[in-house]
Amino acid sequence: MLEVYGETLTSRLLLGTAQYPSPAIMADAVRKSGCEIVTVSLRREMAGNRNGGRFWELIRELGVRVLPNTAGCHSVKEAVTTAQMARELFGTDWIKLEVIGHHDTLQPDVFGLVEAARILSDEGFKVFPYTTDDLVVGERLLEAGCGVLMPWCAPIGSARGPANPDALLAMRAEFPDVPLIVDAGLGRPSHAAMVMELGFDAVLLNTAVAKAGDPVAMAEAFSGAVNAGRKAFLAGPLEPRNMAVPSTPVIGKAVFE
Amino acid sequence: MKLTVNGEERQVTAATLAALLDELDYAPDFLATARNGEVVAAAERSWCTLKDGDRIEILSPMQGG
């Protein structure tokens with residue numbers, strides 16, 4: 001069981017809701033994955049449209065907890081105001097905080113991120129910061145009031161998988177008691193299994209499922225991988241070594257000459 | 001009165017934010033609103049008096065990652 005901000009979660013997979021071939025496929029993928037938390041966003045509504053309402057009804061029917069994001073925000077002011085509007089709209093003080101610093105890599109602006117995290121934490125928000133794998137930034141985010149860290153493992157939507165496993169391991173070692181959720185960059189279930197084997201508490205992904213040939217089947221595959229990785233971590237995996245070690249006992253081997 | 005609503009200039013007669021949503025045919029249940037960069041809670045829209053040149057943002061839930 002994973003505890004985040006006092007809430008106990010059974011599933012260690014969080015899914016985004018964007019880019020699916022259809023709302024029905026998104027809903028099926030969420031159900032099949034068993035995930036309990038989905039990410040949602042806010043965008044300008046066209047006059048006369050009811051798109052937001054229809055989408056919101058669909059999410060509510062799924063019976064999952066929503067984690068609104070501040071995706072696309074490039075400034076502290078934008079992110080803070082968007083978070084405040086998300087709290088108003090979704091009725092939750094959870095916020096996936098994104099303050100984007102670079103157009104091509106969508107790398108977080110960690111300076112703005114810490115500043116926005118402090119403002120929002122002071123306003124009672126439970127902040128889930130999308131951050132880099134930098135230990136010092138992680139420390140600052142915790143000081144700012146964050147109760148969870150969400151480092152990227154590769155750029156958003158890149159599907160590259162863990163680019164720097166050593167940095168992720170260092171984060172795990174540095175923050176043993178903080179829930180760590182890998183957010184962004186996972187492409188395949190094996191990537192999710194790998195970060196879970198490193199001891200991460202959960203993964204958040206979207207594109208790898210939504211843009212798969214069969215999103216529903218891929219959601220199930222990721223779910224299995226997350227569970228397998230978690231079990232492996234708890235089971236204590238071997239450390240790799242350079243030389244061969246025979247697995248069959250040498251003593252008692254017959255001699256034929 | 002001329003307002004900027006979701007980035008577009010609009011000529012409206014509504015005096016309050018609640019009336020503006022009605023005039024522009026928005027469904028008020030599924031919206032978050034802001035005036036000049038400050039959030040206006042749903043319960044405050046009826047008292048939120050609009051002024052010429054105000055910038056209004058009207059957001060709704062959308063797919064996100």
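For clarity, every value in this text was computed on a predicted model and none was experimentally measured.
Only the side chain of A/R50 comes within contact range of chain B, judged by heavy atoms closer than 4.5 Å. A/F90 touches chain B through its side chain: at least one heavy atom from C-beta onward sits under 4.5 Å away, while N, CA, C and O do not. In this structure, chain B has a heavy atom under 4.5 Å from the side chain of A/E88, while its backbone stays farther away. Heavy atoms of A/M46 lying under 4.5 Å from chain B belong exclusively to its backbone. With a 4.5 Å cut-off on non-hydrogen atoms, B/L31 touches chain A through its backbone and its side chain both. In this structure, no portion of A/E78 lies under 4.5 Å from any heavy atom of chain B.
The aromatic rings of A/W94 and A/F128 lie tilted to each other, with the angle between the two planes from 30° to 60°.
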query = Would B/D52 and B/K2 count as a salt bridge (charged side-chain N to carboxylate O under 4.0 Å, His left out) if you check the C-alpha gap in whole Å, the side-chain angles of each, and the deciding distance to 0.1 Å?
reply = CA-CA 5 Å; B/D52 196 56; B/K2 196 185 283 183; over 6 Å; no

query = After noting the C-alpha distance and the side-chain angles of A/T132 and A/Q107, does the key distance pass the side chain to side chain donor-acceptor pair (under 3.5 Å) rule?
reply = CA-CA 7 Å; A/T132 60; A/Q107 181 172 340; 5.8 Å; no

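In terms of non-hydrogen atom pairs under 4.5 Å with chain A, the most contact-rich of B/N6, B/T33, B/D29 is B/N6. No other option in A/K96, A/E45, A/M85, A/R44 has as many heavy-atom pairs under 4.5 Å with chain B as A/R44.
Counting only heavy atoms from C-beta outward, the side chains of A/E7 and A/R65 approach each other to under 4.5 Å.
Smallest separation of non-hydrogen atoms from A/A210 and A/P215: O-CG, 3.7 Å.
When each of A/N69, A/L97, A/L42 is checked for a side-chain contact (heavy atoms from CB on, under 4.5 Å) with A/T82, only A/L42 meets the rule.
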